[in-house]
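All values below come from the heavy atoms of this structure, side chains included, with hydrogens, waters and symmetry mates left out.
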Number of protein chains: 2
Amino acid sequence: MPKRVDHAERRTEIAEALVRVAGRRGLHAVGMRDVAAEAGVSLRLVQYYFQTKEKLLLFGLEHLAERFGERVSARVQAAGDSPGPRAMVEALLMAALPTDDESRTFHHLYTSYAVLSVNDRALAAQPFIKNPDAAEDALAELLRQAQESALLEPGVDARLEAAGLLAMSAGLGTGILVGQRTPESATAVLEHHLNRIFRTRDA
Amino acid sequence: MPKRVDHAERRTEIAEALVRVAGRRGLHAVGMRDVAAEAGVSLRLVQYYFQTKEKLLLFGLEHLAERFGERVSARVQAAGDSPGPRAMVEALLMAALPTDDESRTFHHLYTSYAVLSVNDRALAAQPFIKNPDAAEDALAELLRQAQESALLEPGVDARLEAAGLLAMSAGLGTGILVGQRTPESATAVLEHHLNRIFRTRDA
DNA sequence: AAGTTCATGGTACGGTCGTATCACAAAATA
DNA sequence: TATTTTGTGATACGACCGTACCATGAACTT
């Protein structure tokens with residue numbers, strides 16, 4: 001049976017099994033045995049490709065963040081041919097809201113990881129600084145471009161605005177996740193704020 | 001030894017032990033034995049006052065939310081004699097940011113509970129709808145009053161603005177928690193947004 | 001062809017966790 | 001004073017969980 005196998009691919013499959021089962025039952029309730037069963041392999045195999053649970057979790061987080069980053073930038077680029085910068089800004093912010101199953105799982109797990117990272121240096125190290133800062137840079141750049149095209153209201157600080165919008169989107173996301181808020185109302189809130197940043201009817 | 005004892009008080013002491021130890025090591029890592037040790041009682045006693053771990057967690061969340069609600073409204077009222085409504089709005093939003101130890105622990109644990117509530121109906125039921133909605137009502141009311149005094153920029157929707165600000169504050173809070181953002185930068189972001197809501201120089 | 005490496009299965013071990021059980025003394029009740 | 005209730009201790013049980021160990025056959029190397 002043992003023909004040579006692509007380790008990277010295997011690890012990805014297992015990591016995605018982790019994400020699926022954690023999305024269903026919560027990250028805290030996931031054990032190696034669950035991941036193995038979900039991936040359709042034996043417990044031994046999970047141990048073989050990841051030696052320890054911590055390494056599995058770490059890889060799972062990296063994989064999750066990477067996949068979601070791709071998803072977001074795909075949507076932003078898809079909105080590139082629309083009316084203008086505002087469409088891209090909206091695409092970026094809305095893609096991060098937990099509206100469908102994939103983004104919901106992402107939000108759920110990313111928040112789980114964030115909570116764990118408070119007490120776990122290994123988890124804290126990597127993606128919780130790098131990843132959101134990248135998003136913030138991208139959004140700030142979009143806003144700056146809009147500003148140069150005189151599409152924004154005066155007095156807007158692109159960097160501060162980017163940070164605020166991202167934080168708001170994250171906060172609304174958790175609101176949706178815990179059932180406090182509907183996706184529609186979250187969208188309305190974001191929309192209202194964008195209306196106060198972007199010039200509605202121009203000069 | 002057994003003189004009659006105030007159950008409510010005992011339960012509160014144990015719940016606060018839970019909050020302390022969970023604040024240090026993370027909610028996921030807390031067991032009944034840890035809570036017992038932190039409270040200085042035997043495991044049996046924790047079982048005696050809360051029959052099950054789920055009930056302990058539930059009570060702990062309620063207690064946490066209640067205590068923090070009191071803290072926030074105390075700060076808001078303390079700001080009541082300052083310049084005007086904006087001071088109260090700022091007090092409300094800033095009190096929710098994890099700047100000191102207490103608010104940091106609150107943010108940490110509240111987010112932990114929020115994540116758990118996604119897969120736990122008992123946890124989801126109570127405070128994740130009621131509590132933030134109350135804050136939103138209070139903030140919306142403050143904004144509406146400011147609006148009637150013509151202190152806000154035109155075109156501001158008090159309700160949407162309240163929801164947005166609260167979400168932003170929550171999002172910034174997590175940013176601080178995971179070390180992505182400093183309290184100062186979070187304050188700056190909030191301040192900038194309030195400057196765009198409140199009229200800076202008046203009529 | 002022989003030997004080594006790789007992928008995989010099965011299973012056991014030590015620890016911890018939530019919960020249940022047994023025991024007992026101090027207070028309240030009668 | 002006799003009895004029931006209440007608060008507390010110690011400890012045991014069964015279930016998991018992460019990890020380690022042993023085995024084994026296919027594939028590659030020489």
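Residue B:Val41 is the one, among B:Val41 and A:Ala29, whose nearest nucleotide of DNA chain D lies closer to the 5' end (criterion: closest heavy atom). Mapping A:Tyr49 and A:Arg33 onto DNA chain C by nearest heavy atom places A:Tyr49 at the nucleotide closer to the 5' end.
A close approach under 4.0 Å does occur between a side-chain nitrogen or oxygen of B:His7 and OP1 or OP2 of D:dG7. One finds a side-chain N or O of B:Thr52 lying less than 4.0 angstrom from the OP1 or OP2 phosphate oxygen of C:dT19. Phosphate proximity of D:dT8 to B:Ser42: absent, as no side-chain N or O sits under 4.0 Å from OP1 or OP2.
Distances from the side chain of A:Leu43 to the nucleotides C:dA7, C:dT11, C:dG18 place C:dT11 closest. Picking from C:dG10, C:dG18, D:dG18 the nucleotide with the shortest atom distance to the side chain of A:Arg44 gives C:dG10. Of all nucleotides listed (D:dT8, C:dA20, C:dA28), C:dA28 comes nearest to the side chain of B:Arg4. Side-chain atoms of B:Tyr48 lie closest to D:dT6 of the nucleotides D:dT6, D:dG18, C:dT19. Each of D:dA20, D:dG18, D:dT8 was ranked by its minimum atom distance to the side chain of B:Leu45; first place goes to D:dT8. Side-chain proximity of B:Arg10 to D:dT8, C:dT19, C:dA12: nearest is D:dT8.
Distance CZ/B:Arg104 to CD1/B:Ile176: 9.0 Å, rounded to 0.5 Å.
A:His28 has its NE2 atom 21 Å from the P atom of C:dT16, to the nearest Å. The distance between atom CD of A:Glu54 and atom P of D:dT19, rounded to the nearest whole Å, is 9 Å. Going from atom CD of A:Gln47 over to atom P of D:dC22 covers 14 Å, rounded to whole Å. Going from atom CD of A:Glu9 over to atom C1' of C:dA7 covers 15 Å, rounded to whole Å. One interatomic measurement links the two molecules: CD of B:Gln51 to C1' of C:dG18, which rounds to 14 Å at whole-angstrom precision. To the nearest angstrom, C1' of D:dC16 lies 13 Å from CZ of A:Arg25. The distance between atom NZ of A:Lys53 and atom C1' of D:dT19, rounded to the nearest whole Å, is 12 Å. Taking atom NZ on A:Lys55 and atom P on D:dG18, their separation rounds to 16 Å, with Å as the unit.
Side-chain contact annotation: B:Asp100 with B:Ser103, donor-acceptor N/O pair under 3.5 Å present.
Relative ring orientation between B:Tyr48 and B:His7 is described as perpendicular, the plane-to-plane angle rising above 60° on a 0-90° scale split at 30° and 60°.
Within 4.0 Å of B:Phe50, counting heavy atoms only, lies no atom of the nucleic acid at all.
Between B:Tyr110 and B:Phe128, a ring centre-to-centre spacing shorter than 6.0 Å is recorded.
Because its NZ or CZ atom is both nearer than 6.0 Å to the ring centre of B:Phe198 and within 45° of the ring axis, B:Arg86 counts as a cation-pi partner of that residue.
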